[in-house]
Undergrad: 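Below you will find the structure I want to go over with you.
No hydrogens, no waters, no symmetry mates; every other heavy atom, side chains included, goes into these values. Sequence lines set the chain letters: A, B, ... in the order given, protein chains first and strands last, and positions in each chain run from 1.
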Amino acid sequence: MTAVETKSQIQPDLTPRKRKSLLPEIITVAALALVFIFLAPALLNLMGQGSRVNQLGRFLALAIAALGIDLIWGYTGMLSLGHGIFFALGGYALAMHLQLQLPAGQIPDFFNLYGVTELPLFWQPFYSLPFTVAAIFIIPTVVAAILGYLVFRNRIRGVYFSILTQAALIVFFNFFNGQQKLINGTNGLKTDTAQFFGALVSDPRNQTVFFVLSVVFLALGYAFCRWLTSGRLGRLLVAIRDDEPRVRFSGYDPTWYKVFVFAVSAGLAGIAGALYTVQSGIITPKAMDIAFSIEMVIWVAVGGRATLVGAALGALIVNFAKTLLSEQYPEFWLFFQGALFLLVVTVLPSGFLGLLSAENVLWLRSRLGLPPKLSTYPSLEEDLEVQHERKNPRN
Amino acid sequence: MLANLLEGLFNGISIGAVLLLAALGLAIVFGLMGVINMAHGELIMLGAYTTFVVQNVFKGLGSPWSDFYILFALIAAFIVTALVGVLLERTVIRFLYGRPLETLLATWGVSLILQQFIRSVSGQFVIGVGLFCALFFGAIAIISRRADYERIQAWAMAILLPLSAAIAFFSSKIAGDAFKLAVTKPWFGTQGVDVTAPKWLRGGLSLGTSTLPYTRLFIIALTIVCLLGIYWFLNKTVWGLRIRSVTQNRGMSACLGIPTQKVDAITFAIGSGLAGVAGVAVALLGSVSSNTGQAYIVDTFMVVVIGGVGKLVGSIMAAGAIGILSYVIGSNAFGPLFSGSPFMTSVVEFFATASMAKVVVFALIVVFLQFRPAGLFPQKGRTVEA
């Protein structure tokens with residue numbers, strides 16, 4: 001009897017602990033989005049850097065892909081070197097729809113070059129805009145889910161997973177690059193000259209829409225990833241990263257979580273690819289270059305892995321550094337990029353945001369003459385007894 | 001039909017031989033350290049460029065020498081790439097053991113640097129980089145003798161780095177202005193360079209209707225020699241024994257007094273050296289440019305994945321299978337077999353290019369991994385990491 005009583009006495013307090021309010025974060029993200037939509041283009045135009053608006057829009061689209069990479073690599077610890085596939089699939093889906101904006105009975109110009117007179121079957125559904133919009137993220141998601149299932153089912157992981165994704169990338173590249181008759185091979189699909197809602201895609205009005213869409217999707221993608229990683233799922237993903245066998249021994253099947261997160265990140269890459277394509281005016285198989293897919297990883301690494309803000313920030317920083325440097329010193333960019341890979345991995349493993357880590361903040365506070373702010377165990381701070389003892393140290 | 005089959009087999013084996021030569025070093029290093037070296041392709045490229053340089057040097061020496069430059073190129077390529085490999089291991093990879101994914105990214109960085117290095121290396125470039133290294137590391141070496149080095153280290157770095165960089169930059173600029181094209185001209189440039197096979201490797205052995213090119217035969221022979229050499233080294237020498245024991249169990253080997261660091265360095269040197277030898281073979285096959293290495297990395301990785309890390313035999317079989325499959329599918333060697341049904345013919349013809357053959361081979365690899373996830377010859381053990 002007593003045992004039961006003691007048990008009921010030590011029942012943990014089940015009243016929910018006061019949760020950190022999400023409101024400040026939501027307001028910050030919304031404010032940042034508004035700044036990007038309204039202030040940034042105006043400011044850049046004022047500075048006479050109008051062409052940079054387009055670049056900013058493209059890099060914001062890339063930041064969406066970086067969020068996906070962060071989910072899969074930063075949180076779950078799987079290094080995918082094949083996200084170019086999903087990026088390109090999204091881009092091609094939208095580009096195919098835009099190519100089909102023609103008078104009835106015509107087929108896109110490039111088909112004539114190869115003597116194709118009839119539209120290939122798989123182009124047909126892309127006449128419809130709703131289908132295309134869905135395809136942009138559903139096709140990459142499904143492809144990733146199938147590939148992921150086949151790989152994760154056999155507990156293939158670590159370096160093997162990276163190599164397999166890279167091989168898959170080569171395969172897709174070869175397919176898109178070699179099939180002139182189906183999707184114009186090396187030349188890729190142009191979107192610049194297509195009609196979209198009564199104007200050219202390259203029309204400033206349309207471009208503004210795409211810019212705004214990039215910002216909105218980045219914000220939405222951030223919110224979605226934040227939601228995914230903040231709860232149980234997020235903790236499970238980190239657990240898979242840190243010790244997968246142990247997760248399995250605890251009764252979870254990591255396979256499905258890994259398939260899920262791989263598919264989600266592929267969907268994000270697809271959206272990024274579509275937005276990037278319409279803003280750069282063309283999609284070619286070069287989007288499935290080995291180098292480009294690894295570059296995506298370095299954006300996340302530079303910003304700070306396992307921090308979503310870091311991923312987006314890293315994409316913007318690295319890409320702007322790339323355009324600025326390769327405009328000035330084209331031959332030095334590769335040296336710089338190589339050094340970046342080496343430095344980030346060896347010296348700065350947690351990226352730029354890692355500089356804001358607890359230790360560095362402490363160091364800064366001590367330099368500024370502020371008292372150190374220590375909280376080793378957050379639950380201790382809320383304990384009334386501890387607070388009482390702190391106030392009356394003599395007891 | 002039989003002649004076709006034999007020719008297909010030969011071509012497949014010769015593709016496989018290059019793959020195997022390229023993958024051999026990778027497999028040994030991966031087996032020992034669990035490290036995937038993304039710069040392996042660039043080491044192959046360095047080997048190919050070394051061949052080019054040796055060829056030009058021997059051309060200057062005249063007739064009896066220039067016929068046998070290829071033998072010296074093999075040695076030179078092995079030494080050059082082995083040295084680069086040791087440098088890479090000692091300065092980068094050593095610090096990343098136990099973090100295979102980070103190693104992969106770091107070595108990718110190295111591969112980018114090597115590619116650009118080949119494109120832009122020139123007299124001016126060498127002066128700049130050499131001067132910077134001499135000034136910076138020389139100064140650090142002098143300062144590190146001081147007793148209060150720990151205290152002033154950060155300051156010394158902060159001053160020395162920009163200072164030596166500035167001196168190096170301006171002196172290379174001055175050199176460039178003074179000697180003009182003599183030092184600013186890139187040695188190799190972005191264009192590809194060509195290695196011509198020596199006289200005794202031109203032509204081919206005619207067998208019935210088909211001919212077997214001597215270069216291909218040479219590469220197959222080279223692969224066999226390398227395989228025998230590695231087999232002998234791993235199984236009959238002291239260091240081979242140590243390498244095998246560290247591959248099996250690093251911790252236990254270290255406890256028993258095997259210098260694992262030295263073993264790592266030696267293995268990496270040998271793996272890189274083999275990449276250099278593969279580079280000689282690659283140079284014989286076609287034009288060499290700074291992108292050459294990229295074409296080989298994925299295929300060689302596949303060989304390692306399929307072969308498993310336990311035995312050399314795995315790599316041999318994997319390379320042979322991939323080579324033969326790619327050739328057979330790519331050249332449509334079995335096309336006549338399907339001539340009965342038009343549907344099968346069109347399917348087979350759809351995949352009958354080198355790049356579409358890769359698509360099929362990859363699909364087969366994924367299917368294969370469903371049955372043997374750890375490759376043909378997995379490392380046996382009782383670790384949790386299945």
Undergrad: Specify the closest pair of heavy atoms between A/Asn154 and B/Leu369, including all atoms of both residues, with the distance to one decimal.
TA: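 Heavy atoms only, the tightest pair is ND2-O, 3.5 Å.
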Undergrad: CD1/B/Ile297 to CD1/A/Ile163 distance, rounded to the nearest 0.5 angstrom?
TA: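 So the gap between those two atoms works out to 10.0 Å.
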Undergrad: Do the side chain of B/Gln370 and the main chain of A/Leu150 share a donor and acceptor less than 3.5 angstrom apart?
TA: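 Side chain of B/Gln370 to backbone of A/Leu150: a pair is present.
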Undergrad: Taking side chain to side chain donor-acceptor pair (under 3.5 Å) as the test, write out the residues that go with A/Asp253, two or more places apart.
TA: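 Checked A/Asp253 against side chain to side chain donor-acceptor pair (under 3.5 Å); matches are A/Thr255.
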Undergrad: Find the distance between CD (B/Gln116) and CD (A/Gln337) and round it off to the nearest 0.5 Å.
TA: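 B/Gln116 atom CD to A/Gln337 atom CD measures 10.5 Å (nearest 0.5 Å).
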Undergrad: Under 6.0 Å between ring centres, would you say that holds for A/Tyr160 and B/Phe301?
TA: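 So the answer is no for these two rings.
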Undergrad: In terms of heavy-atom pairs under 4.5 Å, which option from A/Gly178, A/Ala301, A/Ala291 contacts chain B the most?
TA: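 Among A/Gly178, A/Ala301, A/Ala291, the one with the most close pairs to chain B is A/Ala291.
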Undergrad: Considering only heavy atoms from C-beta outward, does the side chain of B/Met302 approach that of A/Gln166 to under 4.5 Å?
TA: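 No, their side chains stay 4.5 Å or more apart.
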Undergrad: More than 12 heavy atoms of other residues, nucleotides or ligands under 6.0 Å from CZ of A/Phe292: is that the case?
TA: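 More than 12 within 6.0 Å, yes.
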Undergrad: Enter the distance from B/Ile113:CD1 to A/Leu334:CG here, rounded to the nearest 0.5 Å.
TA: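 Between B/Ile113 CD1 and A/Leu334 CG, I get 9.5 Å after rounding to 0.5 Å.
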Undergrad: Under a 4.5 Å cutoff for heavy-atom pairs, which residue among B/Ala363, B/Ser111, B/Pro100, B/Gly109 has the most contacts with chain A?
TA: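 Counting heavy-atom pairs under 4.5 Å, the top option is B/Gly109.
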Undergrad: Working note: B/Phe362 + A/Ile170, criterion side-chain contact (heavy atoms from CB on, under 4.5 Å); need CA distance, chi angles, decisive distance, verdict.
TA: CA-CA 9 Å; B/Phe362 175 73; A/Ile170 292 290; over 6 Å; no
Undergrad: At under 4.5 Å between heavy atoms, what parts of residues 86-96 of chain B are in contact with chain A? List them by residue number.
TA: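 Only B/Val92, B/Leu96 of residues 86-96 of chain B have a heavy atom under 4.5 Å from chain A.
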Undergrad: Run through A/Ile290, A/Val297, A/Leu342, A/Ile298 and flag the one making a side-chain contact (heavy atoms from CB on, under 4.5 Å) with B/Trp108.
TA: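 Among A/Ile290, A/Val297, A/Leu342, A/Ile298, the one that satisfies the side-chain contact (heavy atoms from CB on, under 4.5 Å) with B/Trp108 is A/Ile290.
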Undergrad: Can you tell me if CD on A/Glu118 sees more than 12 non-hydrogen neighbours from other groups inside 6.0 Å?
TA: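 No, the 6.0 Å shell around CD holds no more than 12 heavy atoms from other groups.
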Undergrad: Return the OG to CZ distance between B/Ser120 and A/Phe335, rounded to the nearest 0.5 Å.
TA: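 Rounded to the nearest 0.5 Å, the OG-CZ separation comes to 4.0 Å.
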Undergrad: Between NZ of B/Lys358 and CZ of A/Phe175, what distance do you get to the nearest 0.5 Å?
TA: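 Reported value, rounded in 0.5 Å steps: 16.0 Å.
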Undergrad: Count the heavy-atom pairs under 4.5 Å between each of A/Ala168, A/Ala339, A/Gly158 and chain B, then report the option with the highest count.
TA: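 Going by pairs under 4.5 Å, I would pick A/Ala168.
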Undergrad: Which bit of A/Glu244 comes within less than 4.5 Å of chain B, counting heavy atoms only: side chain, backbone, both or neither?
TA: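 No part of A/Glu244 comes within 4.5 Å of chain B.
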Undergrad: For a quick test of reading the model, state the closest non-hydrogen atom pair linking A/Ser162 to B/Leu104 and the distance between them.
TA: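 What the structure gives for the nearest pair is CB-CD1, 4.1 Å.
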Undergrad: Tell me the salt bridge (Lys or Arg N to Asp or Glu O under 4.0 Å) pairs involving residues 28-39 of chain B, sequence neighbours left out?
TA: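 Pairs touching residues 28-39 of chain B that pass the test: none.
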Undergrad: Under 4.5 Å, heavy atom to heavy atom, which residues of residues 72-82 of chain A contact chain B?
TA: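 Listed by number, the contacting residues are A/Trp73, A/Gly77, A/Leu79, A/Leu81.
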Undergrad: If you take all heavy atoms of A/Val345 and B/Arg99, which pair is closest and at what distance?
TA: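 Looks like O-NH2, 3.3 Å.
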Undergrad: Going by heavy atoms in the side chains, are B/Glu102 and A/Thr346 under 4.5 Å from each other?
TA: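 No; the side chains remain at least 4.5 Å from each other.
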